[in-house]
Amino acid sequence: MLDAMRDGKSHEGKTIPLSISIGVALAPAHASNTTELMLVADLALYESKAAGRGRVTVFDEEMLSDKRYRRLVERELRAAVYLGELELHYQPIVSPDGSTEAFEGLIRWRHPVRGLIAPAEFIAIAERSTLIDMLGEWVFKRACADIGQFPGHRISINVSGEQLKRDEIVTMCDRVLKDTGRSASQFIIEITETVATAATPEILRRLEALRGLGFHIALDDFGTGHCGFNYLKTLPVDIIKIDRSYIRALAHDQVAQIFVSALAQIARIQQVTIVAEGVETAEEFALAKAAGCNRFQGYFLRQAGASRQARAACRPLGRTARAQRLSRPAPPASYFPCPPGKQVGR
């Protein structure tokens with residue numbers, strides 16, 4: 001095949017030189033299923049191209065080294081931005097009565113070989129370079145394009161700690177807002193607790209600048225790091241999202257019960273919205289409400305989906321449907337060691 005390609009192809013009296021690079025992987029020696037087989041064959045193909053093209057490379061276990069795999073993902077991810085392989089899915093964030101208040105935008109990569117890839121598999125790699133800035137801009141542009149489909153609702157987007165290390169995050173957001181005619185008040189920027197606790201004065205300045213543009217700021221995965229309650233006084237946040245591990249433990253862990261209830265009390269005083277993340281059962285929903293949370297997100301309520309699917313969440317549930325989905329006897333008031341805070345809307 002290589003020789004045939006090297007001979008070129010005759011066209012209108014001229015010989016057009018051609019080249020081909022080939023990656024080879026064998027089953028079951030190199031992989032046990034078609035998905036893995038295509039992945040390792042692609043790694044071998046990358047080695048053919050990196051070695052000068054016009055050659056055949058058979059997969060070798062050494063190709064799975066972190067460095068080479070990262071390079072492969074970076075290359076394919078850059079191409080995915082331009083080839084339209086990225087998607088933004090939306091998961092509703094709901095009020096205690098089940099009505100949708102906002103949506104969280106979650107990036108997905110629809111790979112032509114491996115199918116739908118979750119962000120956990122590629123975001124960390126993108127964060128090792130300015131590729132994360134390219135992805136962040138794509139996400140925000142997509143959210144600006146989609147916000148018109150969700151009238152009266154905000155879209156929440158995740159911002160990496162790496163993005164916040166550069167002033168470009170502020171200038172990019174300002175530029176995209178002007179280009180699209182959208183308002184920053186239509187969007188929420190989410191940062192993780194880990195990013196917040198390690199925030200330098202420069203990062204805090206950028207968060208304040210984003211807030212000055214009109215963005216709401218949400219603190220995600222609260223409870224997973226070392227961000228104490230006193231720290232909340234200085235952070236420029238409007239929303240706190242409690243990590244799902246605490247929501248899952250509410251039924252049996254007194255520490256989780258105290259933590260969530262105390263946080264709800266602080267939120268009431270500071271007029272901060274509290275979101276219970278990862279609500280997967282009716283019991284978790286009822287316990288999170290009783291503890292004082294005033295917004296909820298999770299599979300029990302609605303799963304993430306493409307914008308067309310998510311639009312259905314903008315329509316209010318009928319009284320019967322809402323009752324069937326959300327009703328469950330609330331735990332007694334004495335269930336929690338400290339009384340839940342008054343629900344605060346935002």
Side-chain angles (χ1 to χ4, degrees), residues 66-67 69-82 86 88 104-109 117-144 154-180 182 184-228 230-241 243 272 277:
D66 288 344
K67 183 176 180 180
Y69 179 71
R70 287 200 306 269
R71 288 165 60 192
L72 170 68
V73 172
E74 285 179 10
R75 176 176 62 85
E76 290 199 333
L77 193 51
R78 287 183 189 276
V81 174
Y82 296 106
L86 300 180
L88 199 59
E104 180 178 357
L106 302 165
I107 190 171
R108 299 289 186 266
W109 178 7
I117 303 176
E121 297 186 41
F122 59 86
I123 290 296
I125 294 174
E127 287 179 327
R128 291 175 176 265
S129 70
T130 55
L131 179 57
I132 191 64
D133 296 326
M134 182 186 296
L135 287 183
E137 181 167 351
W138 182 91
V139 166
F140 189 41
K141 284 181 175 179
R142 183 71 263 166
C144 285
R154 292 190 178 102
I155 289 179
S156 178
I157 58 173
N158 292 277
V159 170
S160 164
E162 294 300 313
Q163 290 175 267
L164 287 169
K165 291 180 180 179
R166 296 176 282 275
D167 287 333
E168 170 62 17
I169 181 65
V170 180
T171 55
M172 179 275 289
C173 287
D174 190 33
R175 170 170 44 82
V176 172
L177 287 173
K178 290 175 179 176
D179 290 345
T180 59
R182 299 302 185 187
S185 63
Q186 296 175 285
F187 300 97
I188 302 164
I189 287 179
E190 291 194 21
I191 61 170
T192 64
E193 181 188 8
T194 304
V195 170
T197 52
T200 62
E202 289 75 20
I203 288 178
L204 291 175
R205 175 178 55 80
R206 292 179 190 113
L207 285 173
E208 289 286 10
L210 290 167
R211 218 175 176 203
L213 289 175
F215 289 98
H216 283 64
I217 307 296
L219 185 60
D220 195 16
D221 299 334
F222 189 82
T224 57
H226 304 284
C227 187
N230 285 335
Y231 203 72
L232 298 177
K233 297 178 183 178
T234 58
L235 282 175
V237 298
D238 307 283
I239 300 161
I240 297 173
K241 303 183 78 172
D243 186 70
V272 171
E277 286 193 292

Nearest non-hydrogen partners of Ala143 and Leu88, listed with the distance: N-CD2, 3.9 Å
I need the single residue from Val195, Val237, Leu235, Ile191 that forms a side-chain contact (heavy atoms from CB on, under 4.5 Å) with Leu207. Which is it? Ile191
Closest heavy-atom pair, Tyr82 versus Met134, reported as atoms and distance to 0.1 Å, is OH-CE, 4.0 Å
Taking atom CG of Asp174 and atom CG of Asp179, what is their separation to the nearest 0.5 Å? 9.5 Å
For Arg128, does the CZ atom have more than 12 heavy-atom neighbours from other residues, nucleotides or ligands under 6.0 Å away? no
Using a 4.5 Å cut-off on heavy atoms from C-beta on, say whether the side chain of Ile132 contacts that of Arg166. yes
Rounded to the nearest 0.5 Å, what separation is found between the CG atom of Leu77 and the CH2 atom of Trp109? 5.0 Å
In terms of the angle between their ring planes, are Phe140 and Phe215 parallel, tilted or perpendicular, with boundaries placed at 30° and 60°? tilted
Dump the intermediate steps for salt bridge (Lys or Arg N to Asp or Glu O under 4.0 Å) on Lys165 and Asp133, then the final yes or no. CA-CA 11 Å; Lys165 291 180 180 179; Asp133 296 326; over 6 Å; no
Between the CD atom in Glu168 and the CD atom in Glu137, the distance rounded to the nearest 0.5 Å is 7.0 Å
Measure the shortest side-chain to side-chain distance between Thr171 and Arg175 over non-hydrogen atoms and say whether it is less than 4.5 angstrom. no
Closest heavy-atom pair, Val176 versus Thr180, reported as atoms and distance to 0.1 Å, is O-OG1, 2.8 Å
Can you name the nearest heavy-atom pair linking Ile117 to Phe122, along with the distance? O-CE2, 3.6 Å
Between Arg211 and Asp238, is the side-chain contact (heavy atoms from CB on, under 4.5 Å) condition met? List the steps. CA-CA 10 Å; Arg211 218 175 176 203; Asp238 307 283; 2.8 Å; yes
Please check this pair: side chain of Arg182 against backbone of Cys144, looking for a donor-acceptor N/O pair closer than 3.5 Å. yes
Should Val170 and Glu208 count as side-chain neighbours, where that means a heavy-atom distance under 4.5 Å? no
Arg206 versus Leu164, closest heavy-atom pair with distance: NH1-O, 2.7 Å
Short side-chain to backbone donor-acceptor contact, Asp221 and Asp243, under 3.5 Å: no
Inter-residue atom distance Ser156.OG - Ile217.CD1, 0.5 Å rounding: 9.5 Å
Indicate the atoms forming the closest heavy-atom contact of Leu86 with Val81, along with that distance. CD1-CG2, 3.7 Å
To the nearest 0.5 Å, how far apart are CG in Asn158 and CG in Asp220? 6.0 Å
Calculate, to the nearest 0.5 Å, the distance between atoms CD1 and CD belonging to Ile123 and Glu127 respectively. 6.5 Å
Judged by modelled atom types alone, do Thr200 and Glu202 share a side-chain donor-acceptor pair under 3.5 Å? yes
